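Written out below as structure tokens is the structure these notes cover.
Residue numbers start from 1 in every chain, and the chains themselves are labelled A, B, ... in the order their sequence lines are given, proteins ahead of strands. These figures come from a predicted structure and were not determined experimentally.
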Amino acid sequence: MISIDDLDRVLGWMLKDQLQALEVSEGNARIRLKMADRPGMPAPRVEAKVLARGLGRFLVAHPRSGEPALKVGDQVVAGGIVGFIQNDAVLLPIVSAHAGQVSEVHVAAGSLLGFGAPVLTLMVEP
Amino acid sequence: MIEVLSNSALATIQDGGRHGYYRDGVSRSGAMDGVAVAVGNALLGNDRDAAGIEIPMLPFSVRFDTGLDIALTGADCAAHLDDVALQPDWAIRVHASQVLKLSAPKSGCRAYLCVGGGVDVPTVLGSRSTQLREGFGGHEGRMLQKGDRLAARRTESVLPEGGMGAMPVAALMPELGQGANVTVRVLPAAEYELFRPEAHDALWSGDWAVTPQSNRAGYRLAGPELQLITPIELRSHGVVPGVIQVPPGGQPIIQLADAATMGGYPKIGTVIEADLWRLAQARPGEKLNFQQVSYEDALAARHELDRCLASIEAMAMRVRAAAKGWSR
Amino acid sequence: MNDHVSLRGEGPQISLLGTTGLVFEAPGAFDLGNQQRIWGMADALGSWAEVREAVPGMTNLTILFEQPPHDFRAFRDRLTSLWASGISKTVAGRTIDLPIVYGGTGGPHLLEVAELTGLSVDEVVSIHSAPVYTVYAVGSHAGYCYLGGLDPRLFVPRRAVPLLSIPAGSLSIAGAQTGVSASAGPSGWHTIGSAEVTFFDPARNPPSLLGPGDSIRFLPEKVVS
């Protein structure tokens, strides 16, 4: 049997290695996952998307900080927290792997995020 | 190991408290803000009552010489791990040689540093809490000093990359009162009816300032004078954290974690268990308001807080388990 | 209004300490017979599921809840019935002799007590050291013994403002009570002397030197006035 945990794991591999599709066999079970096409995918190293690694509600700032939401034009540091995923009483960080300037905000505060959902697009500094 | 870099910190090791030795006169001790320690422990997958470090006096800093899961909860004190800001109520993996710095709090007055598995100090009379008056428990029975080195009971990580946090418990629980004052709920106690009607009015409607003579043993309050109808001498009896005693001067004292187990001053009320953590974060100079509740209300509040903590524990466990999957 | 908070009248008084516990106050005199009934109740309550600890006080009992009872009235009724059953416990305790320096720096309020009582310092000392005091209860701080048997001529009210700290070994009195501090700490009582003794050691089992039913005899070693 392939469990939800297994799916999570596979999804993790795909995100990490930026794979478009993956097929896994285990015993007589087989799954095939394919990322949705994103038209006009930008060239690497110019733009980067910050993705949600978790499921839950999108918070633009920590509930105790009251900081304003990131907007187009804001600078983000590598490893910096750009928002939070609230899952009931628990928060997960949304971390930008790169430094750069926000060129697009994909989700509104309070909206539900799926695993791997794009949160921000950054113009990455060369 | 964790090395304490700050002097004169008043920081102590505290867990869920020392229970079962009241008949020997051993006070409850334990974390003043038990909710903050419980939340830190929930994020780390520790037992709810595992020992953490209570830090009432800031700034404070420590250096880690091994990789370690930590959680920082309680007062929001602009913490930094090296140069990176740490979110409030947050658990994260730290690495050898990293320095954690806590600054003067933006809100609250006690921060809690919890570690994987809890702080590894010997259990004395059923608890790892520091018994300050008698000088046992915790780390050598005393407040922490610069140069002290503490170990965690677990060093392997259970946390997702980037760490995880908890929603502020205050946001998950019903809001009490309004305005800048700290509101806590109070159940009248044995001698309530022996106070003058003006004292009753003052208790429920007055602003009660937390004076600088407030510590882990109790908060001395300043406000209207609470007077008995006629003076009484009581036989010494048990007193628990939360009891509001009124000495003859008329200025109440709320007994807290390190308070004497017995006393004889008249008791006008008891701050309910479910609100003791709110008191723990009230700073000297801040004002308290008391809201009267019934025993049934106090029981319901206790269950509500317990459910809230249990839900944080359960959700933190699910998120840790799922994150393990993502990282493989 | 506060029906569940306090019962005042002929019988025992039962009052809540939030949801943490309650205080059961025995009706009647402050004497050994009443105290033995409190000890008896404390023993019996050890087996009640709701009770984490039953802690004897001075002719009263503080119950700390393991789980606060849902039906407080029913719990109160069970307690009242237990008291009415007349359950009692006598203890064949041991007696220790405690040398005391009365007055001086270790007993700064001796003169004040003499003035409050209208007695001479020597009279205060001889009246205070005459009885064999029974340990009624242990509490306040670790190992501290509440003693019964103080001569009524030495009854003085507590100090209006508590002191922030008195040293370990301080002998003090207030109301109908007297005792020796087991460790340094705040006190609202009058300190009239000092002793050298270790009442509590967490490494010892039991950790307290004395328990309810044991006795202390004070031996005046010196009187400094």
### Summary
The interface call for Ala171(B) against chain A, heavy-atom contacts under 4.5 Å, is neither

### Query
Considering only heavy atoms, which portion of Leu172(B) lies under 4.5 Å from any heavy atom of chain A: side chain, backbone, both, or neither?
side chain

#### Entry: Nearest heavy atoms of Val90(A) and Met164(B), plus distance in Å
CG1-CE, 3.5 Å

### Query
Do other residues, nucleotides or ligands put more than 12 heavy atoms under 6.0 Å from Met317(B) CE?
no

### Message
Between Ile85(A) and chain B, with a heavy-atom cut-off of 4.5 Å, which part of the residue counts as in contact: side chain, backbone, both or neither?
### Response
neither

### Message
Within residues 83-103 of chain B, which residues come under 4.5 Å of chain A, heavy atom to heavy atom?
### Response
Gln87(B), Pro88(B), Asp89(B), Trp90(B)

### Task
Please list, in residue-number order, every residue in residues 105-112 of chain A that has a heavy atom less than 4.5 Å from any heavy atom of chain B; write 'none' if there are none.
none

### Message
Taking CZ in Arg153(B) as the centre, count heavy atoms belonging to other residues, nucleotides or ligands within less than 6.0 Å. Is the count above 12?
### Response
no

### Task
Could you tell me which non-hydrogen atom of Met167(B) sits nearest to which non-hydrogen atom of Pro63(A), and how far apart they are?
SD-CG, 3.7 Å

### Query
Hey, does Arg53(A) have a side-chain heavy atom less than 4.5 Å from the side chain of Pro160(B)?
no

### Query
What are the two closest heavy atoms between Arg64(A) and Pro168(B), and how far apart are they?
CG-CG, 3.5 Å

### Message
Could you report the tightest heavy-atom contact between Ile312(B) and Ala89(A), atom names first, then the distance?
### Response
CG1-CB, 3.5 Å

